[in-house]
Amino acid sequence: MQADQKQQYINTYRDGLFESIDFWLKYSPDTEHGGFYNYINADGSLCGTDKAVWLQGRVVWMLSRLYNTVEKRPQWLHWARHGLEFLRKHAFDRDGRMFFHLTADGRPLRKRRYIFSETFAIIALAEYAKATGDELIREQAIALFNMLVRYATTPGLLEPKTIPTTRQLKGHAMPMILLATAAVVRQIDDSPLYAQVVDRSLHEIFNHFTKPEFEVLLENVGPCGEFLDEPIGREVNPGHAIETAWFIMEEARYRNNDPGLIRRACQILDWSLNIGWDQEYGGIYYYRDCKGLPCPQYEHDMKLWWPHNEAIYATLLAYHLTGQKRYLDWHQKVHDWAFAHFHDKKHGEWFGYLHRDGSISSTFKGNLWKGPFHLPRMLLNCWQLLESEDFGKNPVVRID
């Protein structure tokens, strides 16, 4: 990467990060009830006051992460505390599990069978504990992670997606999120449980969900990785697979740049970019079928913000670890398309939902799924990677 190109990327990611965070801190905090509003229109105006629990956790993690790794700004810690207090007061059910959807004042509206609200609360608690040294918060993060693992690994505790006597399925989302969550909590605790969870997650990803015969990472498989030749079994979510790829690359870095993990992560990245990229209009499809058959999801050909966020960082990290020019080329291609189509040059931040041709489908900047997480996380990761002393200097592994 040329020096001027590197500096241009640094400026774009750094400035975009602060633009994104400033947008959310201007329009999202609920100073009456606590927590953060989610339904935000293009200009920052509110479109609704209900709150997603997992987005509350994501905001707290993001602000705490900025405080821990960028600058100890009191404002960031203040708003992280603001969100965490709302979470701890309103988001937990009597069984220790968490709700998914709350009213503005914290009354429960919905509790899902999934345990993803818990995963984002865990990383929020852990990152905040790291920022403040609060032992009670640290202990809560560890206890919640232990509960998460118990639910994830004990048959019958979570309601199955299908009637198990007819069909048994498991989703890629579970080992993926466990891998990412364990990587955060082990920063504040030295239990051997985190290594066990990471190893088990990697085993499932590589041996059950990765399918070399189709060159994909599938979203749903049988309990031992069996391929199901039905739409749900052929489902590929390129953005999800790309996100998993960089989670694995980060695990490789944690393990002193494990070359085997880097190679396997880059293989998943290559497959996912190849099947996911729209050759006609550009951008990354939301869903694909591993056999090239029609996808049942109505939104399958839409372009969403978050797969592009994940691809921008994954390709930059792959270039750093391998030195392969094709990853730098992919990085520029995804970066240029995403910034040209998602970025709102008038009000700041990114739109989340585009039609296949890149035109805007919805002016929402936030809703129950989109908030200040995927975009600022990508901007922060890219900025910090580019400014690291060894960026691009000593590739760890060569890939053909």
Side-chain angles (χ1 to χ4, degrees), residues 30 33-36 38 49-62 64 80-129 134-164 168-186 188-189 191 193-194 196-198 200-201 204 220 223 240 367-369 371 373:
D30 179 354
H33 303 293
F36 298 91
N38 303 141
T49 61
D50 288 349
K51 297 168 182 173
V53 169
W54 65 345
L55 289 187
Q56 307 298 311
R58 288 176 172 189
V59 178
V60 174
W61 175 84
M62 190 71 241
S64 300
R81 183 182 305 110
H82 173 86
L84 194 65
E85 288 173 351
F86 181 83
L87 265 180
R88 298 180 74 205
K89 183 176 181 181
H90 298 291
F92 286 88
D93 200 355
R94 294 179 180 178
D95 61 0
R97 291 268 327 271
M98 301 184 76
F99 300 110
F100 175 75
H101 191 181
L102 307 173
T103 61
D105 58 359
R107 288 171 294 144
L109 289 168
R110 184 182 178 194
K111 184 178 178 181
R112 302 183 75 182
R113 66 181 181 84
Y114 303 111
I115 49 177
F116 299 133
S117 292
E118 289 82 353
T119 64
F120 293 107
I122 289 166
I123 65 172
L125 290 160
E127 199 70 37
Y128 184 84
D134 189 314
E135 183 61 22
L136 183 62
I137 299 297
R138 175 182 171 275
E139 291 176 357
Q140 187 176 7
I142 295 168
L144 192 56
F145 183 83
N146 287 329
M147 187 196 76
L148 170 71
V149 173
R150 181 167 61 87
Y151 270 89
T153 59
T154 305
L157 277 188
L158 291 176
E159 182 183 349
K161 193 169 187 174
T162 56
I163 296 174
Q168 295 186 41
L169 284 176
K170 65 178 180 180
H172 156 233
M174 187 59 71
M176 169 196 174
I177 202 67
L178 286 170
L179 170 63
T181 306
V184 175
V185 189
R186 69 186 175 194
I188 62 165
D189 187 38
S191 169
L193 175 63
Y194 309 111
Q196 296 167 14
V197 169
V198 168
R200 184 167 57 242
S201 297
E204 284 196 81
N220 303 287
H240 228 188
N367 53 29
L368 292 183
W369 290 268
F373 182 68

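Values in this document were obtained by computation on a predicted structure and should not be read as measured data.
Atom CZ of R150 is surrounded by more than 12 heavy atoms from other residues, nucleotides or ligands within 6.0 Å. Within 6.0 Å of the CD1 atom in I163, the count of heavy atoms belonging to other residues, nucleotides or ligands does not exceed 12.
Summarising the geometry of Q56 relative to F86, their closest heavy-atom pair is OE1-CD2, 4.1 Å, with the distance given to 0.1 Å. Across every non-hydrogen atom of L102 and P108, the tightest pair is CD2-CA, 3.7 Å. Between P223 and Q168 the shortest heavy-atom distance is CD-O, 3.5 Å. The minimum heavy-atom distance linking A126 with A141 is given by the pair N-CB, 3.8 Å. Between N38 and A52, the shortest heavy-atom distance links the atoms OD1-N, 2.6 Å. Shortest non-hydrogen contact noted between G171 and N220 is CA-OD1, 3.9 Å.
Put simply, the side chain of R113 reaches to within 4.5 Å of the side chain of K161, judged on heavy atoms. Residues F120 and I177 meet the side-chain proximity criterion, which asks for heavy atoms closer than 4.5 Å. Within the 4.5 Å cutoff, side-chain heavy atoms of V185 are placed close to those of I122. Using a 4.5 Å cut-off on side-chain heavy atoms (C-beta onward), M147 and R97 make contact. At least one side-chain heavy atom of L84 sits under 4.5 Å from a side-chain heavy atom of L125. Using a 4.5 Å heavy-atom threshold, the side chains of L178 and L148 count as touching.
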- request: Could you give me the CA-CA distance, side-chain angles and deciding distance for T103 and T49, then say whether side chain to side chain contact (heavy atoms under 4.5 Å, CB included) is met?
  value: CA-CA 7 Å; T103 61; T49 61; over 6 Å; no

task: Kindly determine whether F99 and D93 satisfy side chain to side chain contact (heavy atoms under 4.5 Å, CB included), including the steps that lead there.
output: CA-CA 7 Å; F99 300 110; D93 200 355; 3.5 Å; yes

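For the atom pair NE2 (H90) and CD (E85), the distance works out to 10.0 Å, reported to the nearest 0.5 Å. Going from atom CG of D105 over to atom NE2 of H33 covers 5.5 Å, rounded to the nearest 0.5 Å. Atom CD1 of I115 sits about 4.0 Å away from atom CE of M174, to the nearest 0.5 Å. Going from atom CG of L55 over to atom CG of N367 covers 8.0 Å, rounded to the nearest 0.5 Å. Here the straight-line distance linking atom CD of E139 with atom CG of D134 works out to 9.0 Å at 0.5 Å rounding. One distance of note links OG1 of T153 with CG of L158; it measures 9.5 Å at 0.5 Å rounding.
In this structure, F116 and Y114 have parallel ring planes: the angle between them is below the 30° cut-off, well short of the 60° mark. The aromatic rings of F100 and W369 are tilted relative to each other, their planes meeting at an angle between 30° and 60°.
Listed by chain and number, the residues in a side chain to side chain contact (heavy atoms under 4.5 Å, CB included) with L193 are F145, N146, V149, S191, Q196, V197 (sequence neighbours excluded).
Looking only at distances, no side-chain donor or acceptor of H101 sits under 3.5 Å from a matching main-chain atom of R112. With E118 contributing its side chain and M98 its backbone, the two residues share a donor-acceptor pair below 3.5 Å. Between the R138 side chain and the I188 main chain, a donor and an acceptor come within less than 3.5 Å of each other. Remark: the backbone N or O of L368 is paired with a side-chain donor or acceptor of W54 at under 3.5 angstrom.
Residues K111 and D95 are paired through a salt bridge, judged by an N-O separation under 4.0 Å between the basic side chain and the carboxylate.
Using a 3.5 Å distance cut-off with no hydrogens or angles, the side chains of Y194 and D189 do pair a donor with an acceptor.
Among residue pairs with one or both ends in residues 175-184, none qualify as side chain to side chain donor-acceptor pair (under 3.5 Å); sequence neighbours excluded.
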